[in-house]
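What follows is a set of notes on a single structure, which appears directly below.
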Amino acid sequence: MRPTPSRALAVLAAGLLATAAAGCGGGTTSGGGNGDPKTLTYWASNQGTDLAADRKVLDPELAKFEKQTGIKVKLEVVPWTDLLNRILAATTSGQGPDVLNIGNTWSASLQATGGLLPFDSAAMAEVGGAQRFVPAALAAAGAKGRDPAAVPLYSLAYGLYYNKKMFADANLEPPGTWRELIDAGRELTKDGRYGIAIEGASIPENVHQAFTLGQMYGADFFAPDGRPQFATPQAVAAVKSYVDLLGKEKIAAPGNAEYSANQSLNDFATGKAAMLLWQATTSGLTNLGMKPGDWGVVPTPRPSPAPPGGRNITSMVAGINIAVFKSTGNREGALKFVKFMTGDEEQKILNRAYGSLPSVVSAQSDPAFDTADLKVFKGVLATSAAPLPQVPQESQFETAVGTAMKELFADAAAGRPITEAKVRERLAAAQQQMGG
């Protein structure tokens with residue numbers, strides 16, 4: 001499976017921002033296009049199975065852009081484990097690429113550095129206008145009330161994958177509520193198999209689920225003035241319901257508490273687990289031996305009845321954005337390239353290659369994105385997805401809350417009870433780390 005944007009945070013130190021301020025991190029290139037309007041440098045995120053696979057996808061498209069415009073693009077595919085470090089270092093030094101991919105959950109954090117070109121009305125018009133983009137995806141491009149720091153490139157959403165054969169053999173329907181998910185999981189947990197596979201040690205996966213379930217319970221992890229508030233009753237209930245899948249309900253294997261590198265995807269694909277909460281990942285499953293007809297997808301089940309204040313949200317807005325460094329010496333060429341990459345034709349080509357969804361509304365009508373599971377994800381993005389908090393401290397939020405949940409999963413796997421008081425204590429400690 002290609003890495004997802006905020007998976008990088010699982011391997012970056014909590015003090016990443018301080019490191020960047022000191023000018024550390026991966027090496028940077030000089031600002032492409034300075035004094036040369038016929039050259040651009042582009043840092044692409046690693047979306048494929050490896051860096052070579054990305055070059056195989058992107059090189060023909062960059063050659064197409066050069067033929068159309070006369071502008072040569074110097075491509076570097078950057079692994080997710082390096083990308084955020086390198087971006088932050090480049091914003092400090094002013095020496096970075098012209099155009100770059102960013103995880104959409106980083107948008108507000110990177111916006112706060114001042115290193116990215118704002119997509120004001122003029123810049124947005126040069127790439128075709130804001131109305132072209134899926135509204136939920138564009139909402140994950142910077143702080144509310146400010147010009148976006150980027151525009152969406154590849155879009156993703158979460159859903160519940162289920163093994164069709166395992167459900168049919170047990171005469172079960174795919175769950176529509178959280179209670180039904182638990183009940184199905186109990187019935188399917190037997191003979192060395194489990195009802196669901198989770199990534200209990202993955203900091204970003206933990207946060208993605210905490211946010212989505214938190215929305216269902218009416219939780220806001222930040223107050224309107226930007227102060228962190230991680231230990232509200234709604235947040236505690238949401239986090240506990242997720243950790244309980246392994247602890248109280250015992251429908252996830254104890255070893256899942258140590259999963260952080262897509263092992264849960266492998267467990268689902270090999271029949272060790274019947275369900276999986278995951279982003280759109282057709283290629284991830286087929287690469288592990290499944291066939292498209294082997295699985296089904298439904299939106300993430302919600303609590304029923306809905307908790308007071310609960311929202312109709314079943315996924316965080318996942319995906320990758322494309323941005324322009326403010327220090328570029330070739331603003332015109334950079335925006336031409338962004339327009340090219342977000343054009344209908346390229347959106348269809350690139351998202352087909354990566355198994356993601358186009359971030360441009362008109363491109364989503366292509367039949368390639370009308371498979372049964374992608375229809376579900378399109379519906380989720382259109383009607384029940386919300387961006388993670390677009391605040392400058394977002395990456396610190398992921399580290400603090402994701403680590404607290406990792407510790408809770410470890411406790412659950414060791415047989416220690418996960419009480420509301422324990423969840424509240426861990427989330428309050430995470431909040432203190434943020435200065436709240």
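Side-chain N or O atoms of T328 include one that pairs as donor or acceptor with a backbone N or O of N330 at under 3.5 Å. No donor-acceptor pair under 3.5 Å is formed between the side chain of Q396 and the backbone N or O of M434. A donor-acceptor pair under 3.5 Å is absent between the side-chain atoms of T212 and the main chain of T314, judged by distance alone. Looking only at distances, a side-chain donor or acceptor of W80 sits under 3.5 Å from a matching main-chain atom of N46. Judged purely by atom type and a 3.5 angstrom limit, R132 uses its side chain to pair as donor or acceptor with the backbone of T342. Between the E76 side chain and the Y42 main chain, no donor and acceptor come within less than 3.5 Å of each other. A side-chain donor-acceptor contact under 3.5 Å links D54 to the backbone of G48. Remark: side-chain polar atoms of T282 are not paired, donor with acceptor, to backbone N or O of G355 under 3.5 angstrom. A donor-acceptor pair is defined here as one N or O able to donate and one able to accept, closer than 3.5 Å; no such pair exists between the side chain of Q234 and the backbone of G214. Side-chain N or O atoms of E199 include none that pairs as donor or acceptor with a backbone N or O of N206 at under 3.5 Å.
Pairs passing the ring pair (Phe, Tyr, Trp, His ring centres under 6.0 Å) check and including a residue from residues 390-411, sequence neighbours excluded, read F221-F397, F222-F397, F230-F397, Y242-F409.
Counting non-hydrogen atoms of other residues, nucleotides and ligands closer than 6.0 Å to NZ of K422 gives a total above 12. Under a cut-off of 6.0 angstrom, the local environment of CZ in R352 is crowded, with over 12 non-hydrogen atoms contributed by other residues, nucleotides or ligands. The environment of CD in Q263 is crowded: more than 12 heavy-atom neighbours from other residues, nucleotides or ligands sit within 6.0 Å. More than 12 heavy atoms of other residues, nucleotides or ligands sit less than 6.0 Å from atom NZ of K378.
Note that CD of E61 is 7.5 Å distant from CD of E345, once rounded to the nearest 0.5 Å. D98 contributes atom CG, which lies 11.0 Å from atom CG of L117 (distance to the nearest 0.5 angstrom). The line from CG of L245 to CD1 of I251 is 5.0 Å long, rounded to the nearest 0.5 Å.
Across all non-hydrogen atoms, the minimal contact from P174 to V298 is CB-CG1, 3.9 Å. Smallest separation of non-hydrogen atoms from Q390 and N104: NE2-O, 4.0 Å. Minimum heavy-atom separation, I71 to P37: CG1-O, 3.8 Å. Smallest separation of non-hydrogen atoms from S155 and L381: CB-CD1, 3.8 Å. Listed here is the closest heavy atom pair of A143 and Q111: N-OE1, 2.8 Å. Nearest heavy atom pair, residue P303 against residue Y217, reads CG-CE1, 3.8 Å.
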(message) If you apply the rule side-chain contact (heavy atoms from CB on, under 4.5 Å), what do you find for I313 with M216, and how did you get there?
(response) CA-CA 6 Å; I313 297 298; M216 296 178 186; 5.5 Å; no
(request) Please assess D244 against K240 for the test salt bridge (charged side-chain N to carboxylate O under 4.0 Å, His left out), listing each intermediate value before the final yes or no. (result) CA-CA 6 Å; D244 277 350; K240 186 177 186 301; 2.8 Å; yes
(request) Would you sort out whether L350 and Q47 count as a side-chain contact (heavy atoms from CB on, under 4.5 Å), showing the intermediate values? (result) CA-CA 10 Å; L350 296 172; Q47 300 300 124; over 6 Å; no
(message) Apply side-chain contact (heavy atoms from CB on, under 4.5 Å) to residues E332 and L335 and explain how you reach the verdict.
(response) CA-CA 5 Å; E332 182 180 351; L335 290 175; over 6 Å; no
(request) Take E407 and D411, measure what side-chain contact (heavy atoms from CB on, under 4.5 Å) needs, and give me the verdict at the end. (result) CA-CA 6 Å; E407 294 168 351; D411 283 347; 5.6 Å; no
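Two residues are said to be in side-chain contact when any heavy atoms from C-beta on lie closer than 4.5 Å; F211 and V401 fail this criterion. Side-chain atoms of L84 and L110, non-hydrogen and from C-beta on, do get closer than 4.5 Å to each other. Side-chain contact check for L213 versus V239: every heavy-atom pair is 4.5 Å or farther apart. A heavy-atom distance below 4.5 Å is not found between the side chains of V380 and Y158. Counting only heavy atoms from C-beta outward, the side chains of M341 and F65 never approach each other to under 4.5 Å. Residues N163 and D294 fail the side-chain proximity criterion, which asks for heavy atoms closer than 4.5 Å. Counting heavy atoms from C-beta on, the side chains of I198 and L277 never come closer than 4.5 Å.
A side-chain contact (heavy atoms from CB on, under 4.5 Å) with P79 holds for exactly one of L83, T81, V77; it is T81.
A donor and an acceptor atom, one from each side chain of Y194 and N256, are nowhere located under 3.5 Å apart.
Remark: E346 engages K64 in a side-chain hydrogen bond (donor to acceptor under 3.5 Å, both in side chains) (not counting sequence neighbours).
D59 has a carboxylate O that lies under 4.0 Å from a charged side-chain N of R55, or vice versa, which qualifies the two as a salt bridge.
In this pair, Y161 and F377 present their aromatic rings tilted. The plane angle is within the 30 to 60° band.
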